[in-house]
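Presented below is the structure to which this report refers.
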Amino acid sequence: MAKPSLESIPWIKTRRRSSPAGFGRKGILAGLKFKLLGREADKGLLFRLLMYLLLIDVAFIYLKPVFYMVTTMIKGAPDLLDPAVIWVPTGVYGGHLSEAIEMLDYAKSFGVSLTVSTLSAVLQVFSCAVAGYAFARLDFPFKKFWFAALLFTFIMPPQVTILPSILLFKELGWINTFWPLIVPAVFGHGLKGALFVLIFRQFFFTLPKEMEEAARIDGAGALRIFFRVMLPISRSAIIVVFLFSFVWAWNDAYFPSMYMFGASDVPLSVGLSKLNAQLAMEAQEGRLRAFLEPVKMGAAFLIILPLLVLYAFTQRWFVEGVERTGLVE
């Protein structure tokens, strides 16, 4: 029986027709090299495998804590005491989640967090957009000095100014209220306000000047140009700043704990700190630590759940906004 020749293999036929290296062993090697490495415009198999490997590793790093959180909070007493049960519990138990809801006073704390985060995000979007437009398009005295001052506030740690801020708000009678968390956002100084000004400045700086010049020819001033021309086309920057501001204000526990240490109605981030302190006291009184961790995991899951839902609905606009505002450069 005659042995099959190389010409009878379809793939080798194709490679011999298209391979620039010619026929024979060189053509086969060139085909393998093209298959694995590809060209600059069309990445090969090794590049795609490397990219998928990196994406899977990054996804595992971020998703593993969430999976551990969910599987731990639904474990019952037998699963918690069984060292063989780690990831997949034998049953679903909702008592730990109910206890976390009760200890957090979830309905009230959720309303506080939603109010503070939404107001801060909306106010920062407006104030930071005005400041970013001024730094990008307008000429005013000491512009470089004020921009340097803005950068200084961006790199300065908040622990440096927290004591003077507490004394100021105490004189105003705002301690244990929401005003220290909301009023600074009116002036673009809220949480990460300098970064949001830089985002808007970068976005407005990349827009063509012809639109602004055409509006000036029609007799529009700076405010009218901002509200009628610039702001309507800055949707991508608005979405990015709003989501960043909302998420950071939602997760922030430092400033609320400094300004609202004696308040009864606190955000969820502060409620989580109080829950941890209460569970630590119960551990000292003799409660098994194995039954305390699921309550902590349930409380943490309740806090991040609204953010996961928000990101699920705004993912497309968020990614588009990040690309257009130049944050990926």
Side-chain angles (χ1 to χ4, degrees), residues 101-135 145-201 238 240-278 299-300 302-304 306-307 310:
I101 293 175
E102 182 180 356
M103 295 180 69
L104 284 174
D105 196 1
Y106 189 72
K108 184 185 295 184
S109 298
F110 176 83
V112 173
S113 294
L114 183 63
T115 302
V116 172
S117 301
T118 304
L119 287 177
S120 298
V122 171
L123 293 173
Q124 278 192 317
V125 165
F126 176 76
S127 58
C128 294
V130 173
Y133 173 73
F135 279 116
F145 170 77
W146 294 119
F147 187 72
L150 175 70
L151 295 179
F152 180 75
T153 60
F154 176 65
I155 63 177
M156 183 173 57
Q159 290 80 5
V160 176
T161 59
I162 188 62
L163 183 57
S165 300
I166 292 176
L167 296 177
L168 172 63
F169 294 137
K170 184 178 180 181
E171 292 181 0
L172 296 174
W174 290 356
I175 296 297
N176 295 326
T177 65
F178 307 140
W179 296 116
L181 305 176
I182 297 175
V183 172
V186 178
F187 305 99
H189 181 67
L191 189 64
K192 307 293 185 182
L195 175 62
F196 302 147
V197 174
L198 294 176
I199 292 175
F200 276 113
R201 176 185 177 274
I238 291 174
V240 170
V241 171
F242 179 85
L243 291 178
F244 275 151
S245 178
F246 184 89
V247 171
W248 282 334
W250 183 279
N251 292 328
D252 181 45
Y254 180 72
F255 286 108
S257 62
M258 293 291 105
Y259 301 139
M260 304 176 63
F261 51 86
S264 57
D265 299 338
V266 294
L268 286 171
S269 56
V270 180
L272 181 61
S273 301
K274 293 185 176 181
L275 180 141
N276 290 329
Q278 184 175 351
L302 290 172
I303 293 176
I304 68 170
L307 300 181
L310 176 65

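These numbers come from the heavy atoms of this one structure, side chains and all, not from hydrogens, waters or symmetry mates.
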Report summary line: CZ of F246 to CG of L119, rounded to nearest 0.5 Å, is 10.5 Å

Report summary line: Residue set satisfying side chain to side chain contact (heavy atoms under 4.5 Å, CB included) with P184, at least two apart, ordered chain then number -> F169, H189

Query raised in the report: Rounded to the nearest 0.5 Å, what separation is found between the CG atom of L172 and the CG atom of L168?
Result: 5.0 Å

Query raised in the report: What distance separates L243 CG from L307 CG, expressed to the nearest 0.5 Å?
Result: 10.0 Å

Report task. List in chain and number order the residues that pass side chain to side chain contact (heavy atoms under 4.5 Å, CB included) with F154, two or more places apart in sequence or in another chain; answer none if no residue qualifies. Result -> A194, L195

**Report entry** Spatial distance of atom CG (L268) from atom CD1 (I304) [nearest 0.5 Å]
**Finding:** 12.0 Å

Query raised in the report: Do F244 and V241 come close enough that some side-chain heavy atom pair is under 4.5 Å?
Result: no

Query - CG on L181 to CE on M258, rounded to 0.5 Å - result: 12.0 Å

Just distance, no hydrogens or angles: give the donor-acceptor pairs under 3.5 Å from side chains in residues 126-134, sequence neighbours left out.
unit_1	atom_1	unit_2	atom_2	d
S127	OG	L123	O	2.9
S127	OG	A185	O	2.9
S127	OG	G188	N	3.2
Y133	OH	E212	OE2	3.2

Query raised in the report: So with a 6.0 Å cut-off around CD of E102, is the heavy-atom count from everything else above 12?
Result: no

Report summary line: On a heavy-atom basis, the closest approach of L302 and Y106 is O-OH, 2.8 Å

Query raised in the report: Under a 4.5 Å cut-off applied to non-hydrogen side-chain atoms, are F110 and P306 in contact?
Result: yes

Report summary line: Heavy-atom closest pair (L104 atom, S109 atom, distance to 0.1 Å) is O-OG, 2.9 Å

Query raised in the report: Quick one: does M260's side chain get under 4.5 Å of V270's, heavy atoms only?
Result: no

Query raised in the report: What pairs with S117 under side-chain hydrogen bond (donor to acceptor under 3.5 Å, both in side chains), at least two apart in sequence or on another chain?
Result: none

Requested in this report: Begin with the C-alpha distance, continue with both residues' side-chain angles, and end with the deciding distance and a verdict on side chain to side chain contact (heavy atoms under 4.5 Å, CB included) for F135 and L198.
Outcome: CA-CA 9 Å; F135 279 116; L198 294 176; over 6 Å; no

Report task. Check side chain to side chain contact (heavy atoms under 4.5 Å, CB included) between K170 and all other residues, then give those that pass, not counting sequence neighbours. Result -> I175

Query raised in the report: Taking atom CH2 of W174 and atom CD1 of I182, what is their separation to the nearest 0.5 Å?
Result: 10.5 Å

Query - Pairwise side-chain contact, D105 with V266, heavy-atom cut-off 4.5 Å (strictly under) - result: no

Query raised in the report: Taking the side chain as C-beta and beyond, is there a heavy-atom pair between T115 and F178 under 4.5 Å?
Result: no

Report summary line: Here the side-chain hydrogen bond (donor to acceptor under 3.5 Å, both in side chains) pairs for residues 245-255, sequence neighbours left out, are Q124-S245

